[in-house]
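None of these values were measured; they are calculated from a predicted model. As the structure lists them, so they are numbered: ligands from 1, and atoms in each ligand from 1.
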Amino acid sequence: MTFLQGFLREPRGVGSVIPSSRFMERRLVGVAGLASAESVVELGPGTGGTTRAFLKAMPAGSALMAIELDPLFADHVRNTVRDPRLVVHQGSAEHIVQTLAAYRQRSPQAVISGIPFSTMPAEVGQRIVQAVREALAPGGCFVAYQFRDVVARLARPVFGAPEYQEMEFLNIPPMHVWRWRKPGG
Ligand SMILES: C[S@@+](CC[C@H](N)C(=O)[O-])C[C@H]1O[C@@H](n2cnc3c(N)ncnc32)[C@H](O)[C@@H]1O
């Protein structure tokens, strides 16, 4: 209900009527390599279902920064997902580099994004993808899941071809999942 209310409040910003399925959560955990990740950023946690799944998979002593644009969603995640490894920041994914610095967080090994690139201005999407690349640790990965392929078109000039691209059919709606890697590491 909280998610649906968020969608009704900001349909373009939220971009989906229901949260990701358990199958999608599991796929993201595997594709992003969360079982061995020390530092991770989630863009657009929504009501926190994916956030919980990520924390469950991540090791003790790791850190997850969740950056959420919607203030009500950010408060909801802060109040309902209690985990010392989690920091919730209300703001835009565009400012991921400054946000990590402000919280003295390490460069992430993975950035996972479910934000709706297809409903935001193209230049905002471009800035977000560039900021993700800048923020990532060398060898780190950018994982995006999306119904449309706008994020793939934005990421290609910044990251090159994706190293992983599959559909998750056990989700409503079925979604693409991509992974790009920053060289180095
Ligand atoms: C489709 S929901 C994904 C929610 C959850 N991660 C899931 O998979 O169920 C997209 C989320 O991205 C957030 N969002 C949209 N634009 C954003 C931005 N520029 N920066 C951070 N979050 C954003 C929305 O408010 C919404 O919570």
- What is the closest protein heavy atom to atom 15 (C) of ligand 1, and at what distance does it sit? G13 O, 3.1 Å
- Query: Linking I/L/V/M/F/W/Y whenever any side-chain heavy atoms sit under 4.5 Å apart, do M175 and F54 land together?
  - Reply: yes
- Give a yes/no on ligand 1: does S92 have at least one heavy atom closer than 4.0 angstrom to it? yes
- Item | Ligand-residue contact atoms, ligand 1 with E42, heavy atoms, under 4.0 Å | 6 (N)
- Checking D149 side chain against A152 main chain: does a donor-acceptor pair fall under 3.5 Å? no
- Of V77, I128, L69, the residue with the heavy atom nearest atom 17 (C) of ligand 1 is L69
- Message: Out of all atoms in ligand 1, which are within 4.0 Å of some heavy atom of A93? Include the element for each.
- Response: 18 (C), 19 (N), 20 (N), 21 (C)
- What is the minimum heavy-atom distance between F117 and V150, and which atoms define it? O-CG1, 3.8 Å
- Message: So for I67, does at least one of its heavy atoms come nearer than 4.0 angstrom to any atom of ligand 1?
- Response: yes
- Taking all non-hydrogen atoms of both residues, which atom of M120 and which atom of I115 are closest, and how far apart? CE-CD1, 4.0 Å
- Check whether V81 and L43 end up in the same hydrophobic cluster, where Ile, Leu, Val, Met, Phe, Trp and Tyr are linked by side-chain heavy atoms less than 4.5 Å apart. no
- Query: Counting each atom of ligand 1 from 1 as listed, which ones have a heavy atom of P45 under 4.0 Å away?
  - Reply: 4 (C), 5 (C), 6 (N)
- Subset of ligand 1 atoms that lie under 4.0 Å from at least one heavy atom of F73: 27 (O)
- Test item, G91 contacting ligand 1 (heavy atom, 4.0 angstrom): yes
- Task: Output the list of atoms in ligand 1 that are nearer than 4.0 Å to some heavy atom of Y145, sorted by atom number.
- Result: 5 (C), 6 (N), 7 (C), 8 (O)
- side chain to side chain donor-acceptor pair (under 3.5 Å) partners for S92, two or more places apart: E94
- Message: I need the minimum non-hydrogen distance between V143 and L28, along with the two atoms involved.
- Response: CG1-CD2, 3.9 Å
- Note on the structure: Among L72, T47, I115, I96, closest by heavy atom to atom 23 (C) of ligand 1 is I115
- Query: Hey, what do you get for CD1 (I67) to CD (Q90), rounding to the nearest 0.5 Å?
  - Reply: 11.0 Å
- Item | Atom indices of ligand 1 within 4.0 angstrom of G46 heavy atoms, with elements | 4 (C), 27 (O)
- Note on the structure: For G46 and V77 the tightest heavy-atom approach is O-CG2, 3.2 Å
- Note on the structure: Closest heavy-atom approach to atom 4 (C) of ligand 1 among A74, G114, G44, S20 is made by G44
- Query: Which atoms from ligand 1 have a heavy atom of P116 less than 4.0 Å away?
  - Reply: 15 (C)
- Task: Looking only at protein heavy atoms, identify the closest one to atom 2 (S) of ligand 1 and say how far it is in Å.
- Result: V14 O, 3.4 Å
- Message: Please list the nearest protein heavy atom to atom 27 (O) of ligand 1 with its residue and the distance rounded to 0.1 Å.
- Response: E68 OE1, 2.8 Å
- Message: Check for me whether E94 has a heavy atom closer than 4.0 Å to any atom of ligand 1.
- Response: no
- Query: Under the 3.5 angstrom rule, does the side chain of R181 hit a backbone N or O of E163 as a donor-acceptor pair?
  - Reply: no
- Message: Under 4.5 Å between side-chain heavy atoms, counting indirect links through other Ile/Leu/Val/Met/Phe/Trp/Tyr residues: same cluster for V151 and M167 or not?
- Response: no
- Task: Heavy-atom contacts with P19 under 4.0 Å: which atoms of ligand 1 show up? List them by number with element.
- Result: 9 (O)
